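Written below as structure tokens is the structure these notes are about.
Proteins get letters first, then strands, A, B, ... in listed order; numbering begins at 1 in each. Being a predicted model, the structure only gives us computed values, none of them experimental.
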Amino acid sequence: MELPRFFATLRGCNMYREYTQKTADLLREVTGLDDVMITDGGEHADLASTVSFALAKIQKKNPAKIAGEIVAAISAKPEAKGIEVSAKGPYINFIFGGDYVADSVRAARSPDYGTLPSRKEKVVIEHTSANPNGPLHVGHIRNTIIGDTLVRAFRKAGYPVESLYYLNDMGRQIAIVAWGVKNLHYDHIPGEKGDEYIVRHYVEANKIAKERPEIEPEFDVLMEKIEAGDPETVKLFHDSVEICADGIKETLASMNVIHDQFVRETIFLRDGSMQEVLDRIAKLPMAHHEGQMMYLDLSEEGFSNKYVLRRSNGTSVYAARDLAFHLWKNNRCDRSIDVLGADHKLIGAQLQTTLKLINERPPEIVNFEFVSLPEGSMTTRGGVFITADALVAETKKRAMEEVTLRRPELGETEREKIASAVAIGAVRYDIVKVSAEKSTVFDWKEALDFERQSAPYIQYAHARACSILLKAKAEGGYFECYEYSDPYELALAKHIAQFPYVVEKVVSELRPHLLASYVRDLADLFNTFYRFAPVLKAEGKVRDARLTLVDACRNTLFQALGVLGIEALESM
RNA sequence: GGACAUGUAGCCAAGCCAGGAUAUGGCAUCAGCCUCCUAAGCUGAAUAUCUAGGGUUCGAAUCCCUACAUGUCCGCCA
């Protein structure tokens, strides 16, 4: 029984998925096959099936003839109402009808469009987790943007999510920072952020260590002291890390990224959980000891190197604390996801393998390849990097020039507000649009491009939609209407209909760039519609239907930009 | 030497995991469109041996093998 419209909840409305499922069911019934070879219909249809090729082989008949028979069989079924089925040669095409379009557009106007039904499984996503030895650079923020977009996508998909930053507060690199803070006595430069202050110590300490290797043992001493909990050293490390982390948090906040929690590594040393997990691992047959040193021989699992979990001087290593951290995370979630750079692939796989060996749930790992500069890879130690702050600042500057050019009548505060949203959007979009497995070379020209495949382009489409709706309101409003026939209307409406499905896909495949592609296509379709299908100048039902569609598109752009962490401007 | 990833027009990407209809966008280039809902826009043109070579298949950018190129890793760093 169909519920009256006003009782139906729109949350979880996913017309594209429903119709796709219905189509697949129909094909299964008619063909008796499990896999009915559904693909995107491209320009021909909403969906297409190539199942007749497979049947042609079995039945030894012409695939085109089979396609014709399938079309006839499906069309005869009452369940096929609302789906136009046709054959073109061997291809079976499915075009969703007016009800589909109307229901989709109606759903798309809901303030929770794209939000999927609530789930109980708690998700913990760890991302960024850069060492607090200096500012985040453009390599780090690929991790940040992928991670934060996933966090937002999972929330949109109905999951309770906690985002974590794992803060290394006791490793060798932090010992070098601590040594610098203890020995160099740099003054704060006015206006300098904590991460900038700390990195000067880190770079200089590394330089000194290179020139005078005899100071290296001093780092070791610091590491032994922090391991032992020497109060003065604990304070030195803690404060140095805190100063840097504060700066990192500012950078993250400037890009609309907030972590629910920063978790310090030392916790797992102090509370004994690291020792606990090491004791369990020590019982594994592949565990080996040489003095105090412990390592795992994972060659049976395809790893050729030693997986060292304790040093010969008895101090712990990152890998060991990371194992304890992952057990801690497992305790507070049903799904644990790590975003890790290509340099962590091996250690990530070793961690997964080790957790499996002790019968613990391994994390799901999202790997992304490196971002390098035209002149080579970035290194914090060598001081060769473009900081996220510099990128944001430069992009803001460019955006401000652009806004001032286009909207000279606006006051400075207003222009700055727009420029800031444009800049953050441009930075986030430029990074998230490329699939994670591609290594990239940072390119200023592309980062500062505000046309076409960029956030400003999408924000602009949103602002245009808002502007039309505002004018319509001033002209006395409009009536909801969901009757569409114009190809530009239909193309836009049908793309709008796919949004919930895309959200679902992003979280099931852990590929945030799909959303970037989706929303860019949406803006493309809207701009084409805008050009060829006049809205305010149309009359009667056409005008109403188009305004309703503009509102649906406006909301879909708004929702999608929200998942991307990009502000949807109403005017720009 | 081994492992993982990538290789699509002058440049940057999508498509590849789940093989099918003339390989999709953008930048740059060229030609057009603002008395018309914001030109951060739209339209059109030109540009591709989908790294190479084999294989599987009725059908391969997509799957398999080999080679080459690039990136990353193979540390008692993280």
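Side-chain atoms of Ser454(A) and Glu451(A) form no donor-acceptor pair, as typed in the model, at a separation below 3.5 Å. Side-chain polar atoms of Thr128(A) and Thr144(A) form a donor-acceptor pair below 3.5 angstrom. A side-chain N or O of Ser316(A) and one of Glu227(A) form a donor-acceptor pair less than 3.5 Å apart. There is no side-chain donor-acceptor pair under 3.5 Å between Asp297(A) and Tyr307(A). Side chain to side chain, Asp169(A) and Thr266(A) meet the donor-acceptor criterion of an N or O pair below 3.5 Å. Residues Asn527(A) and Tyr457(A) have side chains that bring a donor and an acceptor to within less than 3.5 angstrom of each other. For the residue pair Arg511(A)/Ser435(A), the side-chain donor-acceptor check at 3.5 Å is not satisfied. Judged purely by distance below 3.5 Å, without hydrogens or angles, the side chains of Asn93(A) and Glu84(A) never pair a donor atom with an acceptor atom.
Under the Watson-Crick or G-U wobble criterion, with both distances below 3.5 Å, rC34(B) has no partner in any strand shown. When Watson-Crick and G-U wobble pairs are counted only if both distances are under 3.5 Å, rC63(B) pairs with rG55(B). When both distances must be under 3.5 Å, the Watson-Crick or G-U wobble mate of rG71(B) is rC4(B). Remark: rA23(B) base-pairs with no nucleotide in the shown strands. Criterion, Watson-Crick or G-U wobble with two distances under 3.5 Å. For rC77(B), there is no paired nucleotide, since no Watson-Crick or G-U wobble pair has both relevant distances below 3.5 Å.
Nucleotides rC16(B) and rU62(B), compared at atom C1', are 4 Å apart to the nearest Å. On the C1' atoms, rA69(B) is 39 Å away from rU43(B), given to the nearest whole Å. Nucleotides rU57(B) and rG25(B) have their P atoms positioned 34 Å apart, rounded to a whole Å. Rounded to the nearest Å, the gap between the P atom of rC64(B) and that of rC4(B) is 12 Å. Using atom C1' as the reference point in both rG71(B) and rC65(B), the two lie 23 Å apart (nearest Å). Between rG53(B) and rC33(B), the two P atoms lie 45 Å apart (nearest whole Å). For rC12(B) and rU47(B), the C1' atoms lie 15 Å apart once the distance is rounded to whole Å. With P as the reference atom, rU6(B) and rA18(B) are 14 Å apart, rounded to whole Å.
The side chain of Arg311(A) places an N or O atom within less than 4.0 Å of a non-bridging phosphate oxygen (OP1 or OP2) of rC77(B). Phosphate contact (OP1/OP2 of rC76(B), side-chain N/O of Arg172(A), threshold under 4.0 Å): absent. Side-chain N/O atoms of Lys445(A) include none lying less than 4.0 angstrom from OP1 or OP2 on rA28(B). A close approach under 4.0 Å does not occur between any side-chain nitrogen or oxygen of Arg531(A) and OP1 or OP2 of rA39(B). For Arg464(A), a side-chain nitrogen or oxygen approaches OP1 or OP2 of rA39(B) to under 4.0 Å. Within the structure, every side-chain polar atom (N or O) of Arg520(A) is placed at least 4.0 Å from both OP1 and OP2 of rU24(B). Listed pair Lys57(A) / rG59(B) fails the phosphate criterion, with no side-chain N or O lying under 4.0 Å from OP1 or OP2.
Within the nucleic acid shown, Val317(A) comes within 4.0 Å of sugar-phosphate atoms alone, with no base atom in reach, counting heavy atoms only. Here Glu509(A) lies in heavy-atom contact (under 4.0 Å) with a base. Residue Lys306(A) is out of contact with every strand shown, counting any heavy-atom pair closer than 4.0 Å. At a threshold of 4.0 angstrom between heavy atoms, the contacts of Ser377(A) are confined to the sugar-phosphate backbone, with no base atom among them. Residue contacts for Gln292(A): at a heavy-atom cut-off of 4.0 Å it reaches no nucleic acid atom on any strand shown. Heavy atoms of Met37(A) sit nowhere under 4.0 angstrom from any nucleic acid atom. As judged by a 4.0 angstrom heavy-atom cut-off over every strand, Arg543(A) is placed among residues making no nucleic acid contact. Within 4.0 Å of Phe532(A), counting heavy atoms only, lie sugar-phosphate atoms of the nucleic acid but no base atom. Counting any heavy atom pair closer than 4.0 Å across all strands shown, Val441(A) reaches no nucleic acid atom. Across all strands shown, Glu451(A) has heavy atoms under 4.0 Å from sugar-phosphate atoms exclusively, and none from any base. Residue contacts shown for Tyr457(A) are limited to sugar-phosphate atoms, with no base heavy atom under 4.0 Å away.
As a whole-Å value, the separation of His513(A) NE2 from rA14(B) P is 6 Å. In this entry the distance linking NZ of Lys505(A) with P of rG15(B) reads 9 Å, nearest Å. Residue Phe368(A) contributes atom CZ, which lies 14 Å from atom C1' of rG71(B) at whole-angstrom precision. If you measure from atom CZ of Phe529(A) to atom C1' of rC42(B), you get 14 Å, rounded to the nearest angstrom. Rounding to whole angstrom units, CZ of residue Phe370(A) and P of rG71(B) are separated by 13 Å. Atoms CD (Gln350(A)) and P (rC74(B)) sit 10 Å apart, rounded to a whole Å. If you measure from atom CG of Asp35(A) to atom P of rC17(B), you get 12 Å, rounded to the nearest angstrom. If you measure from atom OH of Tyr518(A) to atom P of rA13(B), you get 25 Å, rounded to the nearest angstrom.
With hydrogens and angles ignored, no donor-acceptor pair closer than 3.5 Å exists between the side chain of Glu446(A) and the base of rC12(B). Below the 3.5 angstrom threshold, one finds a donor paired with an acceptor across the side chain of Ser312(A) and the base of rC76(B). In terms of polar N and O atoms assigned as donor or acceptor, the side chain of Thr50(A) comes within less than 3.5 Å of the base of rG20(B) in a complementary pairing. No donor-acceptor contact under 3.5 Å links the side chain of Asn133(A) to the base of rA78(B). For a distance-only test at 3.5 Å, the side chain of Gln453(A) fails to qualify as a donor-acceptor partner of the base of rA14(B).
At a threshold of 4.5 Å between non-hydrogen side-chain atoms, the residues Glu265(A) and Met170(A) count as touching.
Sequence order on RNA chain B of the closest nucleotides to Ser435(A) and Ser129(A) puts Ser435(A) first from the 5' end. Map Asn131(A) and Ala45(A) each onto its nearest nucleotide of RNA chain B; the residue landing nearer the 5' end is Ala45(A).
Among rU8(B), rU43(B), rA21(B), the nucleotide with an atom closest to any side-chain atom of Ala48(A) is rA21(B). Closest approach to the Thr528(A) side chain among rC4(B), rC42(B), rG15(B) is made by rC42(B) (side chain taken as heavy atoms from C-beta onward).
Residue side chain Phe53(A) meets the stacking definition with respect to rG20(B): its ring centre sits within less than 5.5 angstrom of the base's six-membered ring centre, and the planes differ by less than 30 degrees. Put simply, His344(A) does not rest on the base of rA78(B): the two rings are not both less than 5.5 Å apart at their centres and under 30° in tilt.
His495(A) and Tyr518(A) have their aromatic ring centers within a separation under 6.0 angstrom.
rC34(B) shows a glycosidic angle within 90° of 0 and is accordingly assigned syn.
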